[in-house]
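Every chain is numbered from 1, with letters handed out A, B, ... down the list of sequences.
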Amino acid sequence: MAESPITPREKDFAAWYQDVVLQGDMAEPAEIVKGCMVIKANGYAVWENLQRELDGRFKALGHQNVYFPLLIPESFLKKEAEHVEGFSPELAVVTVAGGKELEEPYVIRPTSETIVGHFFAKWIQSWRDLPLLYNQWANVVRWELRTRMFLRTTEFLWQEGHTAHSNHQEAVEEVLRILDVYAEVAEDIMAMPVIKGVKSRAEKFAGALRSYSIEAMMQNGLALQAGTSHDLGQNFGKAFDVQFQNKDGQLEHVWQTSWGVSTRLIGGLIMSHSDNKGLVLPPKLAPTKAVLVPIYRKEEEKGPVLEAAHRIAKELGAKVDDREGQSPGAKFFHWERRGVPVVLELGPRDLASNNIVLKRRDTGTKEIISQSEVGVKFATVLDTMQKDLYNAAKARLQANTVVANSLGEVEEILREVTAEKGGGKFVMAHVKDDPICDARLKEFKATVRNIPLVDEYDGAGKCIVTGEEVDRRVVIAKSY
RNA sequence: CGGGGCGUGGCUCAGCCUGGUAGAGCGCCUGGUUCGGGACCAGGAGGCCGGAGGUUCGAAUCCUCUCGCCCCGACCA
């Protein structure tokens with residue numbers, strides 16, 4: 001990757017984002033495959049870290065990993081009416097295989113509820129078989145009309161949880177438990193504050209009874225749906241005849257859930273923290289937490305500097321950038337744009353004074369510290385940086401969240417921010433959960449992001465569209 | 001899928017209007033001097049101009065089609 005300038009964020013947010021992804025060596029468009037991307041080593045390492053965090057939490061809650069086929073018989077999609085309606089426009093279908101036209105085409109999975117339903121029906125007979133708690137790490141394909149790296153690509157990586165329960169309450173508890181896991185990973189690991197809530201009926205997953213989401217705000221004020229958890233009710237249970245015999249000997253359809261987060265999280269991560277110098281990664285997710293740049297001018301300085309550099313780097317688990325023929329300055333820029341949280345400088349002056357220079361990626365502040373304290377200081381800085389990134393994002397979310405009490409006010413606020421290069425705000429207003437209301441908001445190119453689980457505002461009020469009483473304000477925003 | 005923009009060495013782009021067989025800067029390779037925020041000198045490698053047709057004696061340049069990327073919209077994690 002040649003290192004080129006990064007478009008300033010305030011000049012063109014979309015161009016900035018793309019530059020950061022490219023210059024941070026996270027991914028690049030797979031220009032030979034429409035709408036797809038190559039996730040590069042630096043990006044994939046972040047995904048692996050996210051996988052590790054999520055997978056451990058899923059397993060701690062009793063889930064097991066499984067793997068279902070990539071190809072799904074086309075007829076499966078049609079078994080749940082709303083599901084097929086929601087997904088058919090974005091399906092990729094295999095009609096020829098082995099040189100022959102297939103009798104029944106396969107769709108490449110856009111999600112796996114249908115094929116999971118089929119197998120759940122085989123595996124579940126008794127209430128003793130429940131709950132079934134599965135997760136799968138997989139790729140899916142959705143033929144999108146417009147793509148952006150990480151945020152929306154034709155193929156993407158995700159995890160999809162699929163569970164079956166003997167009653168609705170237990171399923172709902174599962175849905176909310178997972179939503180908490182998502183929020184925890186987003187906030188504690190990604191340093192990305194989110195709002196947990198219920199999707200409006202108009203925005204819910206095709207085939208679900210209810211969808212829940214975590215919504216994050218990007219640096220331009222647009223919303224990003226960062227994770228979803230669905231209460232599928234008995235819809236798929238009925239469509240695929242997933243039945244169990246209850247304790248009374250009666251046959252019942254199971255209650256299912258499904259939930260997922262994808263590589264989109266990486267897009268959210270980038271748009272939450274990065275700056276005009278490039279990528280900024282929170283310490284807990286950064287593949288490389290620190291790089292040490294050795295500095296020497298005379299040949300006789302080289303040996304001692306490198307020796308000390310490797311000794312200190314080993315102690316910290318840092319990487320030494322000992323490439324020849326690159327000036328220290330060039331190295332600083334290189335690691336800066338790749339989002340490495342801490343860059344250490346060690347030169348003859350430091351050797352003489354037993355010091356080392358430590359620089360934070362987020363604030364850009366340099367600190368000269370004693371070599372004997374570097375271990376403790378390093379850990380503290382990573383910890384502080386993790387917290388500071390979260391706090392900054394949280395402050396931005398709060399600063400850009402406003403209250404509106406009429407449709408006109410919502411329009412006004414959104415029009416104002418949109419005028420500034422496609423920016424956005426979160427507008428809190430009373431809106432009834434009715435597709436008619438969603439449709440009105442769509443006129444402002446905004447949607448109900450979700451109805452927060454926790455009401456941080458002033459309780460009930462009258463819907464700004466219908467005038468009917470609703471119990472709390474919802475989040476309205478333009479979104480990715 | 002509609003509207004707009006863009007595809008020329010690895011990267012950023014000039015050349016196209018007015019056809020004559022390809023350039024610059026950066027990067028890369030070799031050697032040397034450098035090294036505390038993008039070093040310098042010398043030498044060198046690298047491009048059938050996104051692809052396919054057409055017009056022409058001759059096409060990066062003109063025409064048609066096509067593929068991809070970016071932006072705006074409609075659809076969506």
Side-chain angles (χ1 to χ4, degrees), chain A residues 1-7 12-19 22-23 28-37 85-91 110-111 140-160 182 199 203 205-206 211 213-216 223-230 258-268 277 293-299 301-302 305 321-337 343-352 355-357 359 364 366 368 418 421-422 442 445 447 478-480:
Chain A
M1 178 75 238
E3 307 200 336
S4 304
I6 291 166
T7 308
D12 183 341
F13 194 85
W16 166 81
Y17 173 74
Q18 211 189 355
D19 288 346
L22 255 19
Q23 296 298 318
E28 68 178 55
E31 77 286 356
I32 46 166
V33 189
K34 187 181 172 75
C36 292
M37 66 173 170
E85 194 189 332
F87 278 105
S88 53
E90 40 184 316
L91 294 179
T111 179
V140 288
V141 166
R142 297 181 184 178
W143 215 255
E144 300 289 352
L145 298 176
R146 183 171 173 194
T147 59
R148 303 169 201 254
M149 285 188 286
F150 290 116
L151 301 175
R152 173 161 292 105
T153 47
T154 298
E155 179 187 8
F156 58 96
L157 306 182
W158 76 348
Q159 57 70 216
E160 44 178 320
Y182 288 163
K199 281 292 190 185
E203 294 282 328
F205 176 74
S211 289
S213 74
I214 52 170
E215 302 283 332
L224 185 77
Q225 180 173 304
T228 47
S229 188
H230 311 293
S258 69
W259 27 273
V261 294
S262 70
T263 37
R264 164 179 265 199
L265 284 178
I266 299 172
K277 294 174 185 162
V293 176
I295 298 156
Y296 45 84
R297 53 180 82 201
K298 305 191 187 81
E299 194 57 31
E301 289 170 345
K302 185 175 165 182
V305 167
D321 185 353
D322 54 4
R323 289 174 296 164
E324 298 282 348
Q326 289 254 37
S327 69
K331 291 176 183 177
F332 298 148
F333 279 97
H334 178 77
W335 297 111
E336 190 166 70
R337 70 181 47 208
V343 171
L344 298 151
E345 305 175 24
L346 186 73
R349 292 208 301 262
D350 304 306
L351 237 44
N355 286 332
I356 187 162
V357 179
K359 184 174 183 186
K366 273 189 191 182
I368 298 169
T418 301
K421 307 168 196 80
K442 206 145 212 182
K445 298 179 174 90
T447 47
K478 292 190 22 163
S479 70
Y480 276 103

Engineer: Taking only the side-chain heavy atoms of A:Ala330 (C-beta and beyond), determine which of B:G38, B:C75, B:C35 contains the nearest atom.
Structural biologist: B:G38
Engineer: For B:G46 and B:A24, measure between their P atoms and round to the nearest Å.
Structural biologist: 15 Å
Engineer: Under 3.5 Å, is there a donor-acceptor pair between the A:His230 and A:Ser211 side chains?
Structural biologist: yes
Engineer: Are A:Arg142 and A:Glu155 within salt-bridge range, i.e. N to O under 4.0 Å?
Structural biologist: no
Engineer: Are OP1 or OP2 of B:C35 and a side-chain N or O of A:Ser327 less than 4.0 angstrom apart?
Structural biologist: no
Engineer: How long is the line joining CD of A:Glu144 and P of B:C1, in whole Å?
Structural biologist: 14 Å
Engineer: Rounding to an integer number of angstrom, what distance separates B:A42 and B:U34 when you compare their C1' atoms?
Structural biologist: 15 Å
Engineer: Indicate, with a heavy-atom threshold strictly under 4.0 Å, whether A:Glu336 touches base, sugar-phosphate, or nothing.
Structural biologist: base
Engineer: Which base sits across from B:G7 as a Watson-Crick or G-U pair, both distances under 3.5 Å?
Structural biologist: B:C67
Engineer: A:Pro29 side chain: which of B:A39, B:C69, B:G36 is closest?
Structural biologist: B:C69
Engineer: Identify which nucleotide among B:C35, B:C75, B:C69 has an atom closest to any side-chain atom of A:Lys34, counting heavy atoms from C-beta outward.
Structural biologist: B:C69
Engineer: Between A:Phe205 and A:Phe87 (judged by ring centroids, cut-off 6.0 Å), do the two rings come close enough to count as a pair?
Structural biologist: yes
Engineer: Indicate, with a heavy-atom threshold strictly under 4.0 Å, whether A:Thr228 touches base, sugar-phosphate, or nothing.
Structural biologist: nothing
Engineer: Which whole-number value in Å describes the distance from A:Gln225 CD to B:C75 C1'?
Structural biologist: 14 Å
Engineer: Whole angstroms only, please: what is the CD1-P distance between A:Ile6 and B:U12?
Structural biologist: 13 Å
Engineer: Is A:Val357 touching bases, backbone alone, or none of the nucleic acid, heavy atoms closer than 4.0 Å?
Structural biologist: base
Engineer: CE of A:Met37 versus P of B:C69: gap in Å, rounded?
Structural biologist: 13 Å
Engineer: If you only use heavy atoms from C-beta on, which nucleotide in B:G36, B:C71, B:G38 is closest to the side chain of A:Arg148?
Structural biologist: B:C71
Engineer: Hey, does A:Lys445 reach any base, or is it just sugar-phosphate, or nothing, if we go heavy atoms under 4.0 Å?
Structural biologist: sugar-phosphate
Engineer: Would you classify A:Pro89 as touching base, sugar-phosphate or nothing, given that sugar-phosphate means primed atoms plus P, OP1 and OP2, and contacts are heavy atoms under 4.0 Å?
Structural biologist: nothing
Engineer: What's the gap between B:A60 and B:G47 when it is taken at their C1' atoms, as a whole Å value?
Structural biologist: 11 Å
Engineer: Please give the distance between the P atoms of B:G68 and B:U30 as a whole number of Å.
Structural biologist: 39 Å
Engineer: Please tell me which of A:Thr154 and A:Thr147 maps to the more 5' nucleotide of RNA chain B, matching each residue to the nucleotide holding its nearest heavy atom.
Structural biologist: A:Thr147
Engineer: Any non-hydrogen side-chain atom of A:Gln225 less than 4.5 Å from a side-chain atom of A:Glu203?
Structural biologist: no
Engineer: Between B:C11 and B:C70, how far is it from one P atom to the other, in whole Å?
Structural biologist: 15 Å
Engineer: Under 4.0 Å between any heavy atoms, over every strand shown, what does A:Leu151 touch: base, sugar-phosphate, or nothing? Just pick one.
Structural biologist: base
Engineer: Quote, to the nearest angstrom, the C1' distance that separates B:U61 from B:G4.
Structural biologist: 23 Å
Engineer: Could you tell me whether the side chains of A:Asp19 and A:Thr7 share a donor-acceptor contact shorter than 3.5 Å?
Structural biologist: yes
Engineer: Who does B:A59 pair with, Watson-Crick or G-U, both distances under 3.5 Å?
Structural biologist: none
Engineer: State the pairing partner of B:A22; accept Watson-Crick or G-U wobble contacts with both distances under 3.5 Å, and report none otherwise.
Structural biologist: none
Engineer: CZ of A:Arg297 versus P of B:G32: gap in Å, rounded?
Structural biologist: 21 Å
Engineer: Could you tell me the separation between the CD atom of A:Glu90 and the P atom of B:C1, rounded to a whole number of Å?
Structural biologist: 15 Å
Engineer: Test A:Leu351 against A:Leu346 for side chain to side chain contact (heavy atoms under 4.5 Å, CB included), laying out the working first.
Structural biologist: CA-CA 7 Å; A:Leu351 237 44; A:Leu346 186 73; 4.3 Å; yes
Engineer: Could you label the plane-to-plane angle of the A:Phe156 and A:Trp158 rings as parallel, tilted or perpendicular, counting under 30° as parallel and over 60° as perpendicular?
Structural biologist: perpendicular
Engineer: Can you tell me the base-pairing partner of B:C49? Count Watson-Crick or G-U wobble geometry only, both distances below 3.5 Å, and say none if there is no partner.
Structural biologist: none
Engineer: Distance check, C1' atoms only: B:G25 and B:G9, in whole angstrom units.
Structural biologist: 13 Å
Engineer: Just to be sure I understand the rule, does A:Ser211 reach a base, reach only the sugar-phosphate, or reach nothing, if contact means heavy atoms closer than 4.0 Å?
Structural biologist: nothing
Engineer: For atom P, what is the distance between B:C62 and B:C6, given to the nearest Å?
Structural biologist: 12 Å
Engineer: Which nucleotide in the set B:G73, B:C69, B:C71 lies at the smallest distance from any side-chain heavy atom of A:Ala14?
Structural biologist: B:C71
Engineer: Quick one: label A:Gly35 by what it contacts on the DNA or RNA (base, sugar-phosphate, nothing), any heavy atom closer than 4.0 Å.
Structural biologist: sugar-phosphate
Engineer: Watson-Crick or G-U wobble partner for B:A74, using a 3.5 Å limit on both distances?
Structural biologist: none
Engineer: Tell me whether A:Lys34 is salt-bridged to A:Glu144, with the criterion being a basic N under 4.0 Å from an acidic carboxylate O.
Structural biologist: no
Engineer: With both distances under 3.5 Å as the test, what is the Watson-Crick or G-U wobble partner of B:A39?
Structural biologist: B:U33
Engineer: Taking atom P of B:C35 as reference, at what distance in whole Å does atom CG of A:Asp350 sit?
Structural biologist: 16 Å
Engineer: What is the distance, rounded to the nearest whole Å, between atom CD1 of A:Ile356 and atom P of B:G36?
Structural biologist: 16 Å
Engineer: Taking the nucleotide of RNA chain B with the nearest heavy atom to each, does A:Lys442 or A:Tyr296 sit closer to the 5' end?
Structural biologist: A:Tyr296
